[in-house]
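In what follows, a structure is listed as structure tokens, so that the remarks can point back to it.
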Amino acid sequence: MAGQNVLTPQSEDFPKWYQDVVAKAEMADNGPVRGTMVIRPYGYSIWERMQAEIDARIKRAGAQNAYFPLFIPQSYLSREAEHVEGFSPELAVVTHAGGEELAEPVVVRPTSETVIGEFMAKWIQSYRDLPLLLNQWANVVRWELRPRLFLRSSEFLWQEGHTAHATAADASAYAMKIHVEVYNDFLERVLAVPTYLGIKPPSERFAGATNTMTCEGMMRDGKALQMATSHELGQNFATAFEIYYQNEEGQAALCFTTSWGSSTRLVGGLIMAHGDDDGLVLPPHVAPIQAVVLAVRDDDEVNAACQSLSDALEAADVRVTRDHGRGSFGRRVTDWEIKGVPLRIEVGPRDLAQGLVTVVRRDTREKLTVAITDVAATVAALLETVQSDMFAAARRFRDENTHDVATLDEAVEAVQNGFARLAWDRVGAEGEARLKSEAVTVRCLQRRDGSIPADESEPDLVAIVAKSY
RNA sequence: CGGGAAGUAGCGCAGCUUGGUUAGCGCGCCUGGUUUGGGACCAGGAGGCCGCGGGUUCGAAUCCCGCCUUCCCGACCA
């Protein structure tokens, strides 16, 4: 068996590799209904770590968690013309319940702007109630025609933030704050995924938004994945749901709202941003298990050493597990590699006789010999090194595969292997159609310095274009 | 939703063309033993509505029709 591929190599068939990893790392299974997903414990523990990190940042930004219903009156969706048009094709609608046909069908939420808008209108009376900053963790349903585990499932888990503000400037600033301080900070510091931040061109905007911001990540096959998104909704939903407040002069004024979301799609992005031919590669900050203490053989002396090592690591706040299992050493090594555990600590009689253990990095495969008394301190520090090295490696990969081009033809050529960057005024509406015919889209628009523009009419913007998930 | 491919044990597959008795193989799983520094070995064993429904037939995994599911490409998509 030695030397045989456990997974389909990325270079041979990337989508097959992805499915192999999801299955063999025990992340998820397909559900019985097309497009549905069963998230297995290992996959869910990664999602839980993501939730904890994102939730803490959302709260730091001042928003509070709440919960709104799964079922939404169909009429709510219709109140905002673009919104209903955008979502109609992917709605799941309940027409029968309690053994009878319903007088008004209810939709299973595809997103919650409408219900939340209804209650914002009820709760907001005065300028003193603003800004109203809400978030919810929930499941949503969008009937997908071409589902893929984590990346696009008909039901998925996410967080959706919804805020109301007195002024356009305040709403805009808050959406930007979330985008940078919650999403991008999380992506870079926890998932170690570098992003291109920017705004979507009008053609790619959220249904009902006046502006959509995105965090675009590059996967190992050079394709783009939108990893989080934030919207300025202007007064579109405030108008539709009559979200008014009384200003300091006692006059009624219409709110400005925002919404922003990130989903279990992030798990798919994590897999594809860092994974290699041996499986997952998890950054330590998001890894449910940061280090595994692996007994080379199952005997009392080795096991005792493993136990005291894992106790010491736990005391140093390392998320550690012990593998003194049966079965061959090689088999167990491979299994932990597939699961992407950042550090493997191998404990065997030869090393032990000299008071040493072998520490192996998953990201670089580098092997280090460490005195057993130094392991706790070494591992804690090494996890931080792995984290920052993974981010640096991902950024290098992204930069090497982002090509500056001057024409649409060159862009189409360049995106066969990564992203292309070109002047936005070289694209335009006709350019987008031309790109679309090649299965290429404008992922985002940026200023020359990489910062996020206010809108697409700013002069001298650049377009990041790519094939995408 | 359109085009293509495929559904046989947990996973990967053979068998189907040319219908015929107990449907096979590899991996995995269980038991016992030997092992364990990169997917170990020996022996024994469990596990199958052959995707679902209907039809043809004395007889269907095999032929015909419908449906469901999965994968690839496209369209669609915060």
Side-chain angles (χ1 to χ4, degrees), chain A residues 1-8 13-16 18-20 23-24 26 29-36 82-83 85-91 109-113 140 142-149 151-154 156 158-162 175 199-200 203-209 211-215 226-233 258-263 265 278-279 294-299 302-303 323-338 344-353 356-358 360 365 367 369 436-439 441 467-469:
Chain A
M1 281 310 273
Q4 282 234 320
N5 289 321
V6 181
L7 308 169
T8 305
D13 185 341
F14 197 86
K16 185 77 165 62
Y18 177 81
Q19 289 162 32
D20 285 354
K24 297 243 164 97
E26 302 179 333
D29 263 329
N30 283 307
V33 172
R34 179 183 169 77
T36 60
E82 280 184 33
H83 194 64
E85 191 187 334
F87 279 105
S88 288
E90 32 185 356
L91 289 182
R109 64 177 162 224
T111 179
S112 303
E113 274 76 5
V140 283
R142 296 178 187 180
W143 218 251
E144 291 293 349
L145 300 175
R146 194 179 166 188
R148 299 154 166 266
L149 288 173
L151 299 173
R152 190 183 290 111
S153 47
S154 287
F156 58 91
W158 77 343
Q159 86 23 243
E160 52 178 320
H162 297 270
I199 62 171
K200 288 288 184 186
S203 59
E204 301 275 330
R205 230 177 244 157
F206 175 67
N211 184 32
T212 290
M213 289 180 277
T214 179
C215 301
Q226 174 174 296
M227 302 192 73
T229 175
S230 312
H231 316 289
E232 294 172 40
L233 304 172
T258 79
S259 68
W260 25 278
S262 61
S263 72
R265 168 180 278 193
D278 293 327
L294 197 63
V296 164
R297 59 172 59 201
D298 190 12
D299 72 34
V302 170
N303 283 334
D323 179 353
H324 57 286
R326 307 162 205 295
S328 74
F329 175 74
R331 173 51 188 263
R332 290 181 287 137
V333 165
T334 310
D335 285 345
W336 290 114
E337 280 178 340
I338 291 173
R344 190 168 74 240
I345 300 160
E346 301 177 355
V347 182
R350 287 211 302 267
D351 283 349
L352 216 48
L356 303 172
V357 297
T358 303
V360 189
R365 299 157 206 266
K367 295 191 178 186
T369 302
K436 194 175 174 181
S437 71
E438 304 282 347
T441 50
K467 294 188 175 186
S468 69
Y469 281 96

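Just so it is clear, the values below take in all heavy atoms, side chains as well, and ignore hydrogens, waters and symmetry mates. Bear in mind that the values here come from a model prediction, so they are computed numbers and not experimental data. In what follows, chains carry the letters A, B, and so on, assigned in the order in which the sequence lines appear, proteins first and then strands, with residues in each chain numbered from 1.
One can place CG of A/Leu145 at 13 Å from P of B/C71, the figure rounded to the nearest angstrom. The separation between A/Lys367 atom NZ and B/G37 atom C1' is 8 Å, rounded to whole Å. The CZ-P distance, from A/Arg152 to B/C77, rounds to 11 Å in whole Å. Atoms CG (A/Leu149) and P (B/U69) sit 15 Å apart, rounded to a whole Å. If you take CG of A/Leu151 and P of B/C77, they are 18 Å apart, rounded to a whole angstrom. Atoms NZ (A/Lys467) and P (B/C77) sit 19 Å apart, rounded to a whole Å. For the pair A/Asn30 CG and B/G10 P, the interatomic distance rounds to 16 Å; values are reported in whole Å. Atoms CD (A/Glu144) and P (B/C1) sit 14 Å apart, rounded to a whole Å.
For A/Arg146, the side-chain atoms get nearest to B/C72 when compared with the rest of B/U36, B/C72, B/C77. Listed nucleotides B/C77, B/G38, B/C72 differ in distance to A/Val333; the shortest reach to its side chain belongs to B/G38. For A/Arg332, whose side chain is taken as the heavy atoms from C-beta onward, the closest listed nucleotide among B/C72, B/U36, B/G37 is B/U36.
Among all heavy-atom pairs drawn from A/Ser262 and A/Gln159, the shortest one is OG-OE1, 2.8 Å.
Here the separation of B/G74 from B/C64, taken at their C1' atoms, is 31 Å to the nearest Å. For the P atom pair drawn from B/G7 and B/C29, the interatomic distance equals 26 Å after rounding to whole Å. When the P atom is used for both B/A61 and B/A9, the distance is 14 Å, rounded to whole Å. Between the C1' atoms of B/G55 and B/G19, the separation comes to 15 Å (whole Å). Going from the C1' atom of B/C63 to that of B/G2 covers 28 Å, rounded to whole Å. Taking atom C1' in both B/C41 and B/U36, one finds a spacing of 12 Å when rounded to whole Å. The same atom, C1', is picked in B/A60 and in B/G15; the two are 14 Å apart, to the nearest Å. Taking the C1' atom of each, B/G54 and B/C49 are spaced 16 Å apart, rounded to whole Å.
Heavy atoms of A/Gly261 sit nowhere under 4.0 angstrom from any nucleic acid atom. A/Thr358 comes within 4.0 angstrom of a base, heavy atoms only. Nucleic acid contact class of A/Phe156 (heavy atoms, under 4.0 Å, all strands): base. A/Lys436 comes within 4.0 angstrom of the backbone, heavy atoms only, and of no base. A/Glu337 comes within 4.0 angstrom of a base, heavy atoms only. Looking at heavy-atom distances under 4.0 Å, A/Gly35 makes contact with sugar-phosphate atoms alone, never a base. Residue contacts for A/Asp299: at a heavy-atom cut-off of 4.0 Å it reaches no nucleic acid atom on any strand shown. No engagement by A/Gly208 is indicated, since no non-hydrogen atom pair under 4.0 Å with the nucleic acid exists. Among the heavy atoms of the strands lying under 4.0 Å from A/Pro349 is at least one base atom, whether or not backbone atoms are also near.
An OP1 or OP2 oxygen of B/U36 is reached within less than 4.0 angstrom by no side-chain nitrogen or oxygen of A/Ser328. Dashed line: the shortest gap from a side-chain N or O of A/Gln19 to OP1 or OP2 of B/U70 is not under 4.0 Å.
A/Glu346 places a side-chain heavy atom less than 4.5 Å from the side chain of A/Val360. A/Gln19 places none of its side-chain heavy atoms less than 4.5 Å from the side chain of A/Thr8. In this structure, the side chains of A/Arg148 and A/Tyr469 come closer than 4.5 Å at one or more pairs of heavy atoms.
Using cut-offs of 30° and 60° on the angle between ring planes, the pair A/Phe206 and A/His231 is parallel.
Nucleotide B/C16 forms no Watson-Crick or G-U wobble pair with any nucleotide shown, as no partner meets the under 3.5 Å limit on both distances. With both pairing distances under 3.5 Å, B/A61 is matched to nothing as a Watson-Crick or G-U wobble pair. Applying the Watson-Crick and G-U wobble criteria (two distances, each under 3.5 Å), B/G32 pairs with B/C42. Pair assignment for B/G74: B/C1, on the basis of Watson-Crick or G-U wobble contacts that are both within less than 3.5 Å. In a base pair of the Watson-Crick type (N1 to N3 plus N6-O4 or O6-N4) or a G-U wobble (N1-O2 and O6-N3), with each distance short of 3.5 Å, B/C11 is matched with B/G26. Across all strands shown, the partner of B/U69 is B/A6, judged by Watson-Crick or G-U wobble contacts whose two distances both fall under 3.5 Å.
In terms of position on RNA chain B, the residue among A/Val140 and A/Lys16 whose nearest nucleotide sits closer to the 5' end is A/Lys16. Projected onto RNA chain B by closest heavy-atom contact, A/Val360 and A/Arg34 fall at different nucleotides, the more 5' of which corresponds to A/Val360.
Defined by atom type and a distance below 3.5 Å, a donor-acceptor pair is missing between the side-chain atoms of A/His162 and A/Ser259. Of the N and O atoms on the side chains of A/Ser153 and A/Glu144, not one donor lies less than 3.5 Å from an acceptor on the other residue. Between the side chains of A/Thr369 and A/Asp351, no donor N or O sits under 3.5 Å from an acceptor N or O.
Applying the 3.5 Å distance criterion, the base of B/G38 shares a donor-acceptor pair with the side chain of A/Arg344.
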